**Student:** 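Mind looking over this structure? Questions follow.
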Amino acid sequence: MRKLALSDEILMSVEKPARYIGNEINMVRKNPREVDVRFCMCFPDVYEIGMSHLGIQILYDMFNQWEDTYCERVYSPWPDLDKIMREKHIPLFAMESQEPITEFDFLGITLQYEMCYTNILQILDLSGIPLRAKNRDRNVPFVICGGPCTYNPEPIADFFDLVYIGEGETVYRQLLDIYKEWKKSGNDRLSFLKQAAQVEGIYVPLLYDVSYCEDGTIKEMKPNCKEAPEKVKKQVVVDLSNTYYPSKPLVPYIRATQDRVVLEIQRGCIRGCRFCQAGMIYRPIRPRSLEFLKKRAVEMLDHTGYEEITLSSLSSSDYEQLPELVYYLIEECKQRKLNIALPSLRIDAFSLDVMSKVQDVRKSSLTFAPEAGSQRMRDVINKGLTEEVILKGAWEAFQGGWNRVKLYFMLGLPGETDEDIEQIAVLADKIAAVYFELPKSERNGRPEITASTSFFVPKPFTPFQWAPMGTASYFEEKRRFLTGKVREQLNHRSIRYICHDAVTSELEGIFARGDRRLSEVIEAAYKKGCIFDAWTEFFQPEVWEELLAEMNVDRYFYNYRERKKDEIFPWDFIDIGVSKDFMWREYENARAGKVTPNCRAECSGCGAAKFKAGVCMEGRKK
C-alpha cells in the first residue's frame, strides 16, 4: 500500500495546498489494515464546497463509528493540481491515508447539482477507475452515489455501480455486511451487484434495460434479472433524534463556504411549493427534539471553536420549538461571543421577539424567499405568502435591527407574464420603502436590499415536472427587462439586482429531466476538457453548444415541451412515497392558481403517510 503524499515542490506550486493534505481538526485516524471495509467519501467539487456539505459530515461520522469500517475523503482536485497529476501520472488519493482510491472497497460520490456531472468523470479518471460500470472488474472499488440528483440518476447511471435512493443513515450497514461476505466468497462483481439490488433503496443500473418509443419518450424500463425490483423505494430516517449526527465535525484549515457549526433542526417541509424538489423528496417533515439539538449544539461548539452556528432546515420557521431553541442558543452565544445564523425563514413567521433577542449577538443579513413578485404567481407556485404578510415581516425585521435583506425570486415560472416579473422590482422597492418608515434615530444607514433571481428549472418529483422550461434567450430577455424595471424604482439606490447564468440553467434543465442517452454527451464533454462546469471561470459554453449540436441533443424534447400526463419519466422506477397522481393534481391546481394548504393545516393525501413519521403522525384535518 503506497502513500501518495504530494511533494513540497508540488504543494507550493498549487493555489491552496491545504485542500489536499488532510489532518484537519477532528479528522478520524484508523489503521486501514485493521478494518474490513474502506469507504472513500467524495464531493465532486473543490474542497471548500465539499467541506461545507453536512451530508458528508454525517456519513463520515457514522461510518467511522463502526469498528470494521474506515471512511476517508476525497474532493475534486482544482484545475492547477489536476494538470500536474496528469502530467506526473499521480493517481487520485484519499486525504486521511494519502493512499490511492483504487485501494478502497467503495467510492461514494454525493451528487448535489447537475453541473458537477463532468467532475464525476474527473474523479474516476484520475483514480484509474474505468468510466463505465460495465467495464469494471473485481479489482476496482464499487462506485456508489447518493444525494438529490439521484432522484433522476439516469443521465449518469452508466458511470455508477450502485445508486443509493434516500437518506444515508438507513441501509448502509446492511449493504456493507453483504459486501463483507461477498469479499470472502471470491465471486464475481455482478454477483455482489445482484445481492445489493435486493437491499431496499439500492438501485443497480446495470440490472435494468430501457426501451424507447418513436417520439423519443420511454416505452419501458424493466429489470433484466429476478434480483432487481420493479420499484426502488426511498429510504427515510423515521426518528431524527435517535440517529447519527456528528458531535465533532471536521474543521478545515482554510475557510470553507459554510465556515460554521451546522445544526440540522429538521428534515422535510410542510409547505408544498410546486417548484421545490427538496420539499417533495424529503417528505414527511421530521423535527429533531429540542434536547437533542441543545446537546449537539454545545458539543459541536466545544469541539470546533467556530464563531457562528447556523440552524439548517428547508423552512426553519416551521420548527415548532424554534423560539425555545433560539433563546437557549442566545444565552450560549452571549457567553461565547458567537453569531447565530437563521436561514430558510418564512418572512411571515419570523418572531419579532426572537429577532429582538438575537440583535444582542452579531448579526448577518436576513434571507427571505418570496420566489415570485406578484400574488398571482405566488399562488401558482403555492408559496402561500401575501404582500401584506411580506411587508409586515420586513417591518419587523427592520425594527429588530437588520438593514440587510436578501430576497430570492425565480424567472421563467410556468405561466408568468411581464407584469408578474415587474412586480419583483416593485416588491423590492416596497420593502426598501418600509425601512424608511423607521424614525431616523432607529436607522442603521441605508438599507441593503439584494434581489436575486435564478431561472426556473423543472425538476423530477415536483408538480412542475410536466412543465416546459424557458429558453436561454427568453431568460436573457426577461433578465434585461427586470434590470430596467429595478432602475425605475424610487428606492433603486438601495436595491442590488443579481441574476444566475441562463446557459448553465438550460444545461441543468437537460440533465435534470434527462435519460440514459445523455451519458454519451457528458463523457464527450469531459474528454473535451469540461470540468468544474458550475464555475463561471471554467465553464465552456462553446464546447457544450458544439457537442449538443454534434450529438443531436433535442433541446425541445428535454426542456421546452410540456409533458403529457401519462408519459413515462426516466425516474418513474423510484418510489419516493409521494404519488404521481398527487403531483399531477398539484400541477392542475397551479394552472388554476389554487393554493393547497400546508401539511399541518390539512392533509392533502400526497402518500408520504406510509412512512409513519413526523407530521404524518400528528393529528390534523383529513
Side-chain angles (χ1 to χ4, degrees), residues 148 150-154 165-166 210 212-213 215-221 230-234 236 268-285 314 371-372 376-384 410 412-416 456-470 509-510 512-515 556-599 601-611 615-616 621-622:
T150 60
Y151 286 89
N152 178 22
E154 290 305 277
I165 306 295
V210 185
Y212 299 91
C213 302
D215 64 0
T217 58
I218 291 175
K219 180 179 181 181
E220 187 178 42
M221 178 177 179
E230 293 279 346
K231 286 272 189 179
V232 179
K233 295 181 180 178
K234 174 187 78 170
V236 166
C269 184
I270 62 173
R271 297 293 164 179
C273 296
R274 292 171 181 139
F275 59 86
C276 182
Q277 185 187 54
M280 295 294 165
I281 64 177
Y282 295 125
R283 285 190 175 203
I285 191 170
L314 291 175
E371 306 295 0
R376 187 185 78 85
M377 284 309 301
R378 285 194 293 275
D379 290 346
V380 166
I381 64 177
N382 205 45
K383 190 64 186 178
M410 281 186 288
L413 288 164
E416 75 177 7
F456 167 67
V457 177
K459 292 294 176 100
F461 294 112
T462 68
F464 287 156
Q465 63 187 348
W466 287 274
M469 180 179 170
I510 290 172
R513 293 188 291 177
D515 50 52
Y556 174 81
F557 176 81
Y558 286 111
N559 273 1
Y560 310 148
R561 68 186 178 92
E562 184 176 35
R563 272 66 169 165
K564 295 177 181 177
K565 179 184 178 182
D566 58 353
E567 179 172 334
I568 297 173
F569 295 140
W571 53 91
D572 275 353
F573 70 93
I574 300 172
D575 177 6
I576 69 161
V578 180
S579 72
K580 196 172 183 180
D581 285 343
F582 165 77
M583 285 184 279
W584 177 260
R585 291 200 305 270
E586 281 297 279
Y587 187 41
E588 291 187 315
N589 285 340
R591 290 167 164 171
K594 182 180 176 183
V595 173
T596 300
N598 73 67
C599 296
E602 182 178 329
C603 177
S604 55
C606 73
K610 69 173 65 173
F611 295 113
V615 69
C616 295
K621 185 179 177 182
K622 297 294 183 184

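The analysis underlying the following values was restricted to heavy atoms, covering all of them including side chains, and did not include hydrogens, waters or symmetry mates. Keep in mind that what you see is a predicted model, and the values were worked out from it rather than measured.
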**Student:** Hey, could you give me the CE/OG1 distance between M583 and T462, rounded to the nearest 0.5 Å?
**Tutor:**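 Reported to 0.5 Å precision, the distance equals 7.5 Å.
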**Student:** Under the criterion side chain to side chain donor-acceptor pair (under 3.5 Å), I'd like the reasoning laid out for T217 against R563: C-alpha separation, chi angles, the key distance, then a yes or no.
**Tutor:** CA-CA 10 Å; T217 58; R563 272 66 169 165; over 6 Å; no
**Student:** Hey, does the side chain of K233 reach the backbone of I165 with a donor-acceptor pair shorter than 3.5 angstrom?
**Tutor:**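 Judged by distance alone, no pair lies under 3.5 Å.
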**Student:** Of all the heavy-atom pairs spanning D379 and R274, show the shortest one and how long it is.
**Tutor:**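 Nearest pair, atom of D379 first, then R274: O-NH1, 3.1 Å.
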**Student:** Between P460 and R513, what is the shortest heavy-atom contact and its length?
**Tutor:**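 Smallest heavy-atom distance, with atoms named: CD-CG, 4.3 Å.
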**Student:** Walk me through it: do K459 and I281 pass the test side chain to side chain contact (heavy atoms under 4.5 Å, CB included)?
**Tutor:** CA-CA 11 Å; K459 292 294 176 100; I281 64 177; over 6 Å; no
**Student:** Roughly how far, to the nearest 0.5 Å, is the CD1 atom of I574 from the CD atom of E154?
**Tutor:**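 Between E154 CD and I574 CD1, I get 7.5 Å after rounding to 0.5 Å.
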**Student:** Supply the atom-to-atom distance I510 CD1 to Y560 OH, rounded to the nearest 0.5 angstrom.
**Tutor:**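 If I round to the nearest 0.5 Å, the distance is 6.5 Å.
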**Student:** Hey, mind stepping through V578 and C606 against side chain to side chain contact (heavy atoms under 4.5 Å, CB included) and telling me if it holds?
**Tutor:** CA-CA 5 Å; V578 180; C606 73; 4.0 Å; yes
**Student:** Can you see which heavy atom on G166 is nearest to which on Y151, and at what distance?
**Tutor:**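 Heavy atoms of G166 and Y151 come nearest at CA-OH, 3.4 Å.
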**Student:** To the nearest 0.5 Å, what is the distance between CZ on F611 and SG on C616?
**Tutor:**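 One finds 9.0 Å between CZ of F611 and SG of C616.
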**Student:** Assess whether a salt bridge exists between D215 and R561, defined as any Lys/Arg side-chain N lying under 4.0 Å from an Asp/Glu carboxylate O.
**Tutor:**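 Salt bridge between D215 and R561, a charged N being under 4.0 Å from a carboxylate O: no.
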**Student:** Any donor-acceptor pair under 3.5 Å linking the side chain of N559 with the backbone of M469?
**Tutor:**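 Not confirmed, N559 side chain does not pair with M469 backbone.
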**Student:** Can you check whether G577's main-chain N or O pairs, donor with acceptor, with K234's side chain at less than 3.5 Å?
**Tutor:**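 Absent.
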**Student:** CD1/I218 to CZ/F573 distance, rounded to the nearest 0.5 angstrom?
**Tutor:**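 The CZ atom of F573 is 9.5 Å from CD1 of I218, to the nearest 0.5 Å.
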**Student:** Got a donor-acceptor contact below 3.5 angstrom from the N382 side chain to the A590 backbone?
**Tutor:**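 Such a contact is absent between N382 side chain and A590 backbone.
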**Student:** Run the salt-bridge test on E562 and R591 with the 4.0 Å N-O cut-off and return the result as yes or no.
**Tutor:**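 Salt bridge: yes.
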**Student:** Does K580 make a cation-pi contact with F569, if we ask for NZ or CZ under 6.0 Å from the ring centre and within 45° of the axis?
**Tutor:**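 Yes, a cation-pi geometry holds between K580 and F569.
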**Student:** Just verifying a value: how many Å separate F275 CZ and M410 CE, rounded to the nearest 0.5 Å?
**Tutor:**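 Between F275 CZ and M410 CE, I get 4.0 Å after rounding to 0.5 Å.
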